[in-house]
Every structure is written in C-alpha cells, then in structure tokens.
Amino acid sequence: MKRRDFVKFLGVTPGALAGSGSLADAQERLFENLLRPKQQDPADMWVVHQTTCTECPAGCGVLVKGREGRPVKLEGDPDHPINRGGLCMRGQASLGRLYHQERLREPLARGADGSWEPISWNAALDRISNALVESRGGSRNVYLSSRTTGSLAQLLDEFAASLNVERLPDLELFSYGALREAYDVLFGRREVPAYHVEEADLLVTVGADLFESFISPVRFARHVSEGLEHHLDWYHLEPQLTMTGTNAGHRIHLHAGSEQWLLAYLLKSAQPRSPLPARVLDAVPDVTIEQAFARTGVTPEQLQGLVAAWDAAEHPLVIAGGVSTAHAGGLPTALLAGLLQESSGAIGNLVDFGEAENYDSVGTPGELVDRVVDLASANVGVCFLSRLHTLAPVAGLQEVAGSAVLTVGLTDFLYPPTEACDLLLPISHSLESWGDVETYRGLTSVVRPAFTPLFDTVAEGDILLHLMAAPGNWEDYVARQWQAAGADVEEQPFLERPTRPVSTRLRAAPTADRLASSWTPDTLEEPVLAFSPSVRFFDGRSQVISLLNEIPDPLTAVSYGWALSISEDDAMMQSVEEGHVVQVSALGSEDFFPVRVHPAFDFAVLSLGMEHAATAALPIDANTGELIRCIGGVELGRVRDSAVLTVLSGSMDASGRGVLPNDVHHPPGVEAHEPGHEPRRLYPTPEHETYRWAMAIDLDKCTGCSACVAACYVENNISIAGPDEHRKGREMSWIRIQPYLDGDRPIEFMPVMCQQCGNAPCETVCPVYATYHNPDGLNAQVYNRCVGTRYCANNCPYKARRFNWFAGQRPEPMDLLVNPDVSVRPKGVMEKCTFCVQRIREAKDHAKDEDRIVLDGEFTTACAQSCPSGAIVFGNLLDENSEVYRWAHSENVHRILEGLGTEPAVYYLRQDNRGDTGHE
Amino acid sequence: MSDTNRRWEFEDEHEFLEKLKELVDQGTPTERLDVITPIPVPATEEILKMKRSPLRFFTLAGALTGLSLGFAFTIFTVMDWPIITGGKPLVSLPPFLIIAFALTILLGSLASFAGFLILGKMPSISKIQNPIEHENMFIIMLEDEAAQ
Amino acid sequence: MSSPRAYFEKLEIDVLAAMGKPSIGYLIALAVSATCFVVGMGLWGYQMLFGMGVAGIRHPVGWGVYITDFVFWVGIAHSGTLISAVLFLFRAKFRSRFNRSAEAMTIFAVMTAGLFPLIHLGRSWFAYWLFPYPNQRELWVNFRSPLVWDVFAVSTYLTVSAVFFFVGLVPDLAVVRGRAEGIRKKIYAAFSLGWIGSAKQWIHYNQLYIFLAALATPLVISVHSVVSWDFAMSIVPGWHTTIFAPYFVAGAIFSGTAMVLTLMIPMRKILKLEDHINIGHFESLAKILLFTSLIVGYAYAVEFALAFYSGHTFEIAHFTYRLLGDYWALYALMVFSNVLLPLALFVKKLRRNIPFLFVLSIFVNIGMWLERFVIIVTSLSKEYDPYSWGTYVPSMVEVGITIGSFGLFFTLFLIFTKVLPVLAITEVKETAL
Amino acid sequence: MKVLRLIPYAVLFGYVGAAAVGLVVLLALRSDGGVGPDQPIAFSHQIHAADLALDCTHCHQTVEVSRFPGIPSTDVCMVCHEFTATDRPDIQRLTRLHNEGRPVEWIKVHSVPWHVYFTHKRHIKAEIECTACHSDVTVQLPVRQVRSFDMGMCVNCHRANGAPTDCWTCHK
C-alpha cells in the first residue's frame, strides 16, 4: 500500500452493520453500505488508516484495511520504525479478538446467585462512583492493569490522584525483572535498554527468545535478517529448544541454571576492550574451561570457539533474557551479561538506554506480592482489574480482589480474573477506540478507531474520565496530550522524539557486592521443566483467538491444546509415549498434559508453553521478583490416559525426497535442479505473454514464525477447521510451515503453498475445467465450477489443495470478518492458494487505467507482506529487473520435487550464510 | 385344408431338414416356404438359398459414424473454448481416441440392433397380438400363392 | 437321451418353474437387501446435507471406500460380457449355462458402480456437469481428464451390455410368452417383439449376435483399462504404472467370475436347476478363476519388481509401505485370497468341489475389494511430501453406503430371477443337442 | 355404484391437476412477471434520464472509477429536490429521510452471483453502453432486471468484443 493511496477513514453508522445478511454475498453487503447517506466513496475502495497493534506490548504499527465500514485485514505499517511492514501472527490474528463471539458485549453485574446479569452503563458507573465515595471511610481502593503507557498512563495517575485510588505496579508475566534489576545495579538504570542487533557482527544470545516474545519479536526478526545480509555470526545458548534457537547459526544447549557459569567463563577468558574495575572482576569467580564444561555441559571446543569468535568480533553483542534470567541464577546471569556488554564497549551504542523500553509502570510479580501482603491486612474498597488475563502469578491477589467491597473488571473476555469481580465493564478493542502507546522512549504511536464499536463497549479512558467527572472525552484527552508534544493525533501515525544519549558509569561497588551475594554455584537438578515462550499466545493472553489455535506451533507442530514436549530419550527413560496424558510433579496435581515426543528437543528438559504459566502459580525469584520459568528436579507422574495430539505434520523426516533444498536431499531418484539443463519433456511448457507470477522464499531468512499463515487465513477467508478436524488431518490452511528434523538445523522450516506449476498435474485430471493454467501462469481454481471429485488434490505432489469437507463455520460476529474480494467457499469444493489473485486483479486494474503493466513491488501477496524478516518476494518472472527474477536466478535456488517436471513457480533459496550450521 | 396352404411339424431336426429339402427339390418356390424352429438351424439357410444378412452394413455405418463423431466432437470442444491444462496441447489425440473408441462401439452396436429390428420387421404388432408358438417343434409352412 | 423335444419341454418347465411363486426365503432376502439399499441412500442424503466430512476420507487420502466400491463393481460387471461375448466367440459351450445370469449381473453391477462416482462427489447435485451437454456458456468438459473417459466408457458399457442382454432374451421371452397366461402373456409378448423363430428372423439374429459379441469384446477390455487409467494417468507413486490396464482387466474378470460362482451356486440349488447346470460347468468357471488368479498374482509381483528395479525413491518407499506399512494386514489378506488360495484349484478334486468353490469365491470377492482399497489408500496416504502423510479409516457412513450398494445389487438380481428366465433356454437347447 | 367407479378417475385427475397447478405456481415464482419491485420511493428513470436527459453518471457517480456504479445518496437527490417537485409526497418523504440522515432503502434490482467479480469501470472504459446489460431503464417503471445475468450473456459478449475469456477475469 502506498502513501498516496491513503484516504481518511469515513465511519459507518452502526445501522449499516446491524443485520448484514449472508456475508458470502459481497453484493448484498455492498448494497447495504451504499445505503449510508453522505458516503460518495466507491464501495470497492480500500479504506486504509494507520494505528498501533496492542495484541502484545511490542507496539508494532499497523495499517487497518477497511471495506464497507469494517476492518477486514491488518498489515504491518511499512513506515513504522518498529516493524517496517512486518507483522507477527498474533498481530495478524488480532482481528479475531475484535470479532470474537465470546467478547463481552455489555456491562455485567454479579447477580445474587453469582451468575452474570446485564446492567446499564449508567447503573454500573454509578455503583462504582458510590463505592468510591463510601470508601472514603478508611478503606483503600486499588487499580491494577497490564502494562500501560502514554496518555492512558498519564490519565491513570490523574485518576488515582483525584479519587484516592492506589495504582499498583502493572502486572506483566514478562516483566524483565532480572534485566532491570541488573542494569539498576550496574548503571543505576532500572530499565530494559534497546539492543541494536542490526549493528552487531557477533550476536551471543543467552536464553533470549528474540523471535517469540522477547521485547519486540518482529523488530528482532527484521534486524537479524538484515544482519544476515552482512554475515552476522550468531551463537544462541539455551537450556531448552526455542524457535529462536532453531534459527541461530550456532545453537548450543547448556544445562538449565548454568548460564552464569558460561558468562563468567566468557568474561574471564575474552579480551576486554574496556577493562573492568578490579574489584568487579574479583567478584566474578574464576572458571576454568573444565569447570565451565562440567557446569554447563558445553564442550571445551564450543567454549573456545565462542571465546575466539568473541575476541575476533568488532562489535560483539551479548543478550541474556528469557528463560535464562528467570531462575535462581537469573540475576548473576543478567549482571554478567551487562558486564560483558560493558567490557566489549557495547553499552551506549549497541545497548542503548536512550531508547530504553518503557517499563516504568511495570512491576515484577515479586513487587506485587509484597503489595498484596500489605493489602491483605487492610480492607479494600474498590478494586479495579484492567486488561488482565491472569492473576495467578501473584499469590493472594485473587483473594484480595475477591475480598474487596467492589471489584471492577475492565476486560474484553471472561478471563480468570473476572471470577473475583462483582462488575464487568466491557472495554473497546483498540481498533474501536483512541489511545496511544509509548513503546520505547522517543516513540509514541497512535491508536485510532477503525470503526464504531461493534458492541456496547467503551474505551478505558472514557470510563476513567467519567468516574473523575472530568470534562471532555478520551479522544480530546489524547489529542491534548499530543498537542502538548507539538503533534497532531489526527495526522501523525506515530511521533518520534530525538533521544538524548544517556551517559552510563559502571557502579563497581554495588555490582561487586550484588554479584557476590546473588551468585548461585549450583545449577538446576535435571530433568528440568521449562516454560518456553510461545510465538502463538505470548504470555497466554492471545490464546482466546481461535485462529492462533488453528495454526500449529512451529516448534512442537501441535495446533490445538497444551502439550508437554520432551525428547525421545526422556520419553524412553520416563517410559511414556506420544499422547500419554501425564502429571508433572512441579505443577498442580489437577493438571494433566498430553506428552509430545519431539526428537529435536534436548535431553533432560521438559517444556511447556508459556501460556500455561498464566494458569499455574509459579515460584518467584527473590533476587529479581521475576517468575521462575525453569524448575529443577521435576518428575512425570502417572499416565492417566492417552490422547490424540492435533499434529498436522505427517512426518518430520524429509530425507531424500527433494523437499528441502540441500544436496543431502538429492539422492538418486530425485533430480537436482541444474540451471540450463532442463529435463526433456513431451510438450512445450506454456508460454506467457506479459506476466508469469512467481514467488521466491529465502529459507535462511525464514524463521518459521508463521505470520504468513495467519495473514493468509485473514486475507483469503479461510475457514477454521477446529481440533476434531485437525485430528483427522483436515486442515484448511493454504500456506503451511513444514517442520523437518533432518536438515542442517534442529528444525528446518519450509513454507509451502500451491506452487502454481507450469505443468500442473492437478489441472489435467479435473473433468470440468474447474482448475486450469491461466495466461498469467497461475494455476486457477474456479470454485463454483468445482464438483468436488478431489482428483486434483490426489494428483498434487505438494498436497497444497484443500477440500471443504463441511461448510465453514463463522459464528456471529465473525461473519463480518470477510474479505469481499474473495469468495467464501461453499461445502464440497476444492480451494487453494491463488497467489492472492484478488490483489493481482486490483493491481492490473490500476495499471490498465494508467495503460501500463504492473510494476515490480507495486503490490505483493498477503504472506509476503506480513513476513517480519522479509523472506518472501513476489512478482513477475518475465520482468528481468524484478526482485523475484533476481532471487529466482541467484545461487542455490531449488524448487520442490523438481524431478517431477511440474515447473513450479515457487523458488526456494538457501545459502546458509549463518556460519557453519548445525545443531551443536 | 387346401393343398396349397400346408404345415408340417417335426419333433426331430433331421426329419424336418429332409422334408424341407424334399419340398425344395420338388420345386416349391422358396419364397413360399417359411420355417419356424425353436433353435437356429443354419442348414435351413442353404436349403432355402437365403442371402447373407445385410446387417453388417448397419454395423459398419454406425461404427464409422461413432469414430468420426468422437474425434470431431472432442476437437471442436477444445477449439470452441481453448483452455490449457497441465501444459498439454489443446488437441491431444491420445485421450480423444478413447472417447472416439467408446462412441465407435456404442453407435456400432446400437446401429446393429436397429438393423436387426428393421430387417427382421420387428417389433411387429400382428405377431405380438397373435404369435405363432413353435412349442419346440420344427415347423415348415407353405403359404398359398394368394398370400404373395 | 430321449427325443430333443422332451428335453426342451423339461428345460422350459424347469426354468419357468424357477420364475414361479416366490418362496418365503426369497421374500425375506428381497426385503433385507431392499432395506440395506434404502438405508444406504438415506446415508447418502445425510452426506449431501452435512458435507463430505461425514465420510472418513481426509487430507491427503481424497479417495477411499467410494472409489474402491466403484472399481469393485465395475470389475464384477466384467465377467458377464466375458462369458457371453468372449466365450461365445471362442465357442465355449459351457457358457450357455451362465451367460444369462452373468449378463444380468453385469448390468446390475454397472448400475451399482455408476452410483459411486456420484456419491463421492463433493457436490453430487452438479454431477451432470461431467457430461458434455450444450450450454449457453459454450463450456464443455475436459476430455483430457480420465474421469470423463470413465463417463463415456461406463455409460457405453451399460448401454451395450443392456442391448446384448435384451437381444439374448428375445427368443426366451417368446418361450415364456408361449407358456404364460393373461396379462403376463401380453407383457412378454410385447417384449419378445413378435419373435416366432422363423428362418427370416434367425438369419439376422445370428448375425447381430456375432457382431454384438465382436463389439463387446474390445469394449470389455477397454472399460476396465479406462478405469485403471484413473490411477495410472496420475503421478501418484503406486498408481502411475503402465501395467495397470491388463492388471485391472485380469482382476476384473477374476472378481467377476468369482461373483458368478457366488451367485450361481446358491441359485442353482434354490431354483432346482441341478439337471441343467452340472459340476463340469462349474469346473470350467474354476479354470477361468485359476487362470486369471495367476495373471493377477503375476501383476502383484511385477509391481514390486518395477518399483525396485526403477530405483525410484518414491516408488520403492511406496511399495515398502504397502507391504509393511499401516495396511500390511489388508495387503496380506488380499494376497492370500487372490493368489495363494486359488492355487488350490490346480487340484481337480477341489475344482469340482462346489462348497469349496463357493467359499473360495467369497474369499476372492473380499480379496479383490481389498486389492482396490489397498491400491487406492496406501498410495495416497504416503505420497511425495512427508508433511502431508496421513492414514485413512472409513467412517460408518461409507460402510453403510457400501452395504447399501450390495443391497441394490441383490435386490435387482432377486427381482431378475423372478421375472426373466435365469437360464438362456434357447442357447441351452442349442448346446444340449 | 356408478359414482364409485368414478373415484379412481377423480383421484387421477386430482394428481394431474395438482401437478399442473404446482408447475404454474413455480413458473410464476421464477419470473418477476415483467414487473420490477416496488421501491420505497417511486423513482422514475423516465423523467430523469429520458425527459430531463440527465447523464447516467450524473447520479451514478462512481461508475467510471469503481466496480460499483454508486447508488446516489439522498444529498445527491437533494441538490435538485430541495427546490424541485417539493409538493410531491414521495419527494417530501425523501426530504424527511435526508433531514433525519437516514438512507432510502432501495430494493436491489440487478445482481450477479457471489462468485462473480464484475467491474463497471472496465465496461464503461470499454465504451459498453449501460443499456447493453441494463437495457433501457427509461421505459421500465419501476426498473427491473430485463436481461438474465447468466454466464452465457457475459461470455458471448466478451467473445464478441475480444475481451478476455480467462475464467479468473470474472470468477473470484
């Protein structure tokens, strides 16, 4: 989408939305929307405007693409400094939150029998006001929310001040407690700095899951992929396998809880660029290579290799985080990482406090526990719980909330915290309300309403203002804040303020003391239970979105439900098999987990998705107040029964089938692609006049994050199959991430969609011409001509075709989330990737108006657009200047199963410029 | 029962054939003789000097029509709206041959059947209403001249 | 023997007796099979209402029991034309004892088979799109698709077999006419088209019969070849092989002959036709069975030989899977019933042992059904891309519809035994002399 | 007795009659009977397009730039009707709706099926007359769909004018 295409969004009267009939029929809907008075814009015009994604705290900029008064697609804002066009699967799927059937639609009050009963807004707000008035008599009011920044944080403070409400520290499961504590000790800055990965030439990440949930995954994905351009060398050390780990050039497994030993060894063995004070160095134990090996399990060769790389690098950058800073050894790990950054001179440039993430208001679970203890004695009047999907991490919080005179939940779903509430105020989705987000110092992005609220919901800001009886509404408030900053909230999508460089000085004394005091010699007893970051659910808040459950977790390949992933050896030793439902000693006795046996996982590590941490009461690290995500000495309990996991992958072994682009995968029988040496064929391959649409995918850049999959679902009205169908292998996704275990890396990810073959086997066998080769080289599928023989799917070697076994279910209001340019397929027809033909059609239409052919980069497919690391390019293969042409004619190009002579239009690149690869 | 319109019935095929031969040798015009047999008796054909059935021409005509129609139709349709599938040429004769073959057989047999009905003057209303039952006898009938 | 006429009369009386008042057992059989059929159709309706998903077929196994049934029934259909046309050209006398019911079987089997392509369609209600009918869009069917070849081959086969069947019936209908009374007499008279058996009719009749036989013989070969090409023309490992046409044709005749035995052995008893169909006739069928079984067994071996000799990764992987993979048990049972068990027919005693032949024929029916199932399902469940591997288990709907198809077949056959002479009276007379 | 003998015939005729009636009803339902739907406001294309000879694009303003012609909103009507024919009850209703900011709920007349991508813009740019598909709306009171928008109509016109016949030109 280009700047000039933007148009100011025109709101739609709710009337036009109400009772839109069969949404499969674009025409009918269109007509209703034309009924709107004073709307002279053509109804097929995309109405695009810029806002900010609030699905996680990263705060990526998004373009909301609206049609007929409804947002139907989110895309990364190419101009936004954080994501530059990319958007993760959570962001793509967040429309599923907006249109979710179970979203709260009106204020609810706890009835006499404890059930929820509707209540009017006025009644609800009056109840709160009265309760606040009554509370004057000595009882304390508290306000707890998830991370809050920008104008809302401002307003909250005012609200707290004016109504004598204590604002508790914001609750985040990822509070970065260890990092902030460490930087506080080291430099007196209790902050999460910006890590400029793109400027480093050596990246050493210790447990930091850059691509899943660490600070800003999309930005890291982009920066690492930029780094790969200039041969960034990347060592990733972690106790349990993560998606990030699978992408690192050197992925090294170390014993959980031994990170501080490794970093101590590195600190002592590497040449410091800026020497550290003696007393600090003295506080760091001397670690011989043997000790390091004994503690961490990292071989001496690997250790020496790491040190050598560190010394050789010009701009080395070490980042500790994730699981590695979330255990008893978390603080020393973070401290040592900080010291390494200091000694390598990274502080101030690669590690930048000037653009520190805004976590001012966020407290650690530890802090909150203290506050709760304090509150437990007092009597609480009104307790506000805002935007919280769990209270579990903070022991006693649920009770305090329960004991309050009036507990008010501001939420969009019946998350567990609502059980403690007396009153529920449904808050608008960020696409329905104003706001802004200060992601890091120097960047504030606007949250703008894309359309009038779907239900009877109100923005949190308006609720607060009403309770404060303050003049003006929330929109004005935000606008005022921006005016104060000399910006216009209507015009600017985001505001970048110049940040002044922050001078930091290492505080030797406290560092030495804290290092000594917090040093824990012993590592965790194995087997260890680790809470892996989830690229799908973040900290569990996104699990309500059905689409995210539909897309398999790239790492475990399980789509629906929790799974306890363990290595094959562990399975053998614990004598459990895949699908066995077991207990885990460290967790609540009532929780059972189906076992996922995964050969790529490390020995003696059992891993659960972080979304489970949202329900379990995890222990808290005394040093940092952070949740402990690594628990030692766990055992598997009895096997209760057996379950069928929803694993769509038929086999993770691609050996010798010419699927993965690697010579290893070309045994005799599968022809390797030799340029200029085409296999002889009976007939000439079809000629194309102006266009031959093609796609190229750089597997070095692909991280497996599945953003493309989510984007495709939303763009193409793909229906959700559900767990039962998944167990039958009946997926509907047009593009899938195939995980393979026999590649160069722990897991090779391979995005596969319809390969738009030049000689498509599916076409010949269709009796009714429902699929054929179109003049632009596309393998067309005409839905309403299809009779459903499924012969094409049988004959597709890539198995890219999807059959509508049933009519797709779109529970109201999900039926509003329909791209009017794409048909909603009826039951009994075949469907598949079309290379987003609706976008091609639109682009060709524009081009024809200007009487030219479509230019390269003028548009792209949904998957390519969304890819955070820019691994996918799409374009016209006949245009020799096009990006896709360049990629398709570069070194190490491969097409899947080329030996079959299907002439696919999807090219896979793989140089593997990640240094010597391999699972170390 | 006049001498000029007589009917002989035999239980045994050989006696029947001898009688028939005798009649023909006597110079009875074959067109006045008709025989009815429970099973086909090829010998009667020589004795009565019957011509070989022209049914085969029906068959040939039908088969040829089918063959040409098969090719003509398939080629016409792909030309009528050219749609490329699987990189195969529009006019791909091997598959079309299968269609042509099927139609050859189909029209060939239908034509033969039609030929049988036409040549055998069937279905004949009169015979349906009052059929002649052979009751497993070999029957010779001599029609009188008036019948001609 | 006594005079031919005496025998002719006895034959006619016996055969017409078989068409007489139905026994209670017959009525029960009819009721049961009709019910199965109706239930099956009901399930089809259910499937159309809720979607293909109620069947067990899944991604990547897009074809399952339905196509298996289709191929199975088309296969059954083959013995009829074989016995009536091919054996006619070869002047095999024993044929006259079986050809009537075999031909009837053919027609009913094709009718049953014809249902399955419709049943397996995701949108059965648009099935007519498979026929090249003139339409306002001037859009035709894709004659390059094997499915369209099927449409032509199968419908041609049905028509030609029907004509052949009817032509064979004409003289016998005349016989029935001769012995029937009242309204039935009128009906049979009408259908016998005024056949009297005059030399003028016979001369054309004989010629017609030879031509029909001559045309039906290549047809019978072509039909199952075309069916086999549904698979052979694809690129699916395990399907894409040149031996399929002869392999399938042999298999078809094999299964068809087995079905003839399955039907004729009880029928002969129930309808008391022992005097006209004797052990010798069954032995000749057993020989066909043995012969075709050997061809089929050879084909099984060749499949593996081709795969492993080719050194083609996917072929080798596939056939290893077929032999040892998820469906190994079915494959083993199939080999046992189609190859090993029939070897017993080398023993003359067993060849002439009717109970054994009956049991064997049942095994062969099952074995041949399994053959199609194994070929279709194992090939699809592990194709090129390992990500898209998956195994298939039929659902109750598919099972029900399959049973329903047997219901239809037996219903039609039972009705046939009562309204038409189950022996080709005239031809038996002919060959008896 | 005689009467009883008639019963079977009566029944038979009953069936036949019922079938015939059913058929007639079916046909009646299928055809719009040559009359368009009664619109909330009896808008006359005859007056506007024929008598006043307004160009189609005068009201259908997006027809040249968009897939959709654009059903005019009330303020387009009010440009003239603020002053013209204000005495007519229909115009008064229109004015009322306009002032209340409510739309005129026209009943849709011309539809293409759900799977069809049709763009007015391209056809206008190709100088296809509006009447080619909509026939002469000025003689239809009220407007009705005269030509059936079946695929044959589209394809034959495309063939005649050398427009693309690639399925994905129109099928979405």
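Order of the sequence lines fixes the chain letters, A, B, ..., with proteins taken first and strands second; residue numbering starts at 1 for each chain. Source: prediction; values computed, not measured.
In this structure, no portion of C:Pro146 lies under 4.5 Å from any heavy atom of chain B. Within the 4.5 angstrom heavy-atom criterion, no atom of C:Ala214 approaches chain B. Neither the backbone nor the side chain of B:Leu93 comes within contact range of chain C; no heavy atom of the residue lies under 4.5 Å from a heavy atom of that chain. Looking at C:Phe211, the atoms closer than 4.5 Å to chain B (heavy atoms on both sides) all sit in the side chain, from C-beta outward. Looking at B:Leu117, the atoms closer than 4.5 Å to chain C (heavy atoms on both sides) all sit in the side chain, from C-beta outward. Interface residue C:Glu12: only side-chain heavy atoms are found under 4.5 Å from chain B.
The main-chain N or O of B:Thr37 is found under 3.5 Å from a side-chain atom of C:Trp202 such that the two form a donor-acceptor pair. Using modelled atom types, no side-chain atom of B:Arg52 and backbone atom of C:Ile203 make a donor-acceptor pair closer than 3.5 Å.
A salt bridge is absent between B:Glu135 and C:Arg5: the closest approach of a Lys/Arg side-chain nitrogen to an acidic carboxylate oxygen does not fall below 4.0 angstrom.
When all heavy atoms are compared, the tightest approach of C:Gly194 to B:Lys127 is O-CD, 3.5 Å. For B:Pro54 against C:His204, the heavy-atom pair with the smallest separation is CD-CE1, 4.1 Å. Residues C:Thr426 and B:Pro40 share a closest heavy-atom pair of CG2-CD, 4.5 Å. Across all their heavy atoms, B:His134 and C:Ile196 have their closest contact at CD2-O, 3.6 Å. Here the closest non-hydrogen pair linking B:Trp81 and C:Glu138 is CE3-O, 3.6 Å. The minimum heavy-atom distance between B:Gly108 and C:Leu215, with the atom names listed, is C-CD1, 3.7 Å.
Residues B:Leu119 and C:Gln207 fail the side-chain proximity criterion, which asks for heavy atoms closer than 4.5 Å. Between C:Phe166 and B:Phe113, some side-chain heavy-atom pair lies under the 4.5 Å cut-off. Put simply, the side chain of C:Arg177 reaches to within 4.5 Å of the side chain of B:Glu133, judged on heavy atoms. A 4.5 Å side-chain heavy-atom check between C:Arg144 and B:Val78 finds at least one atom pair inside the cut-off.
Note that CG of C:Leu219 and CD1 of B:Ile105 are 5.5 Å apart. Values are rounded to the nearest 0.5 Å.
Residue pairs meeting the ring pair (Phe, Tyr, Trp, His ring centres under 6.0 Å) criterion with at least one member in residues 171-191 of chain C: none, sequence neighbours excluded.
Using the six-membered ring where Trp is involved, C:Trp140 and B:Phe76 have ring planes that are perpendicular, over 60° apart on the 30 and 60° scheme.
With sequence neighbours left out, C:Trp229 forms a ring pair (Phe, Tyr, Trp, His ring centres under 6.0 Å) with no residue at all.
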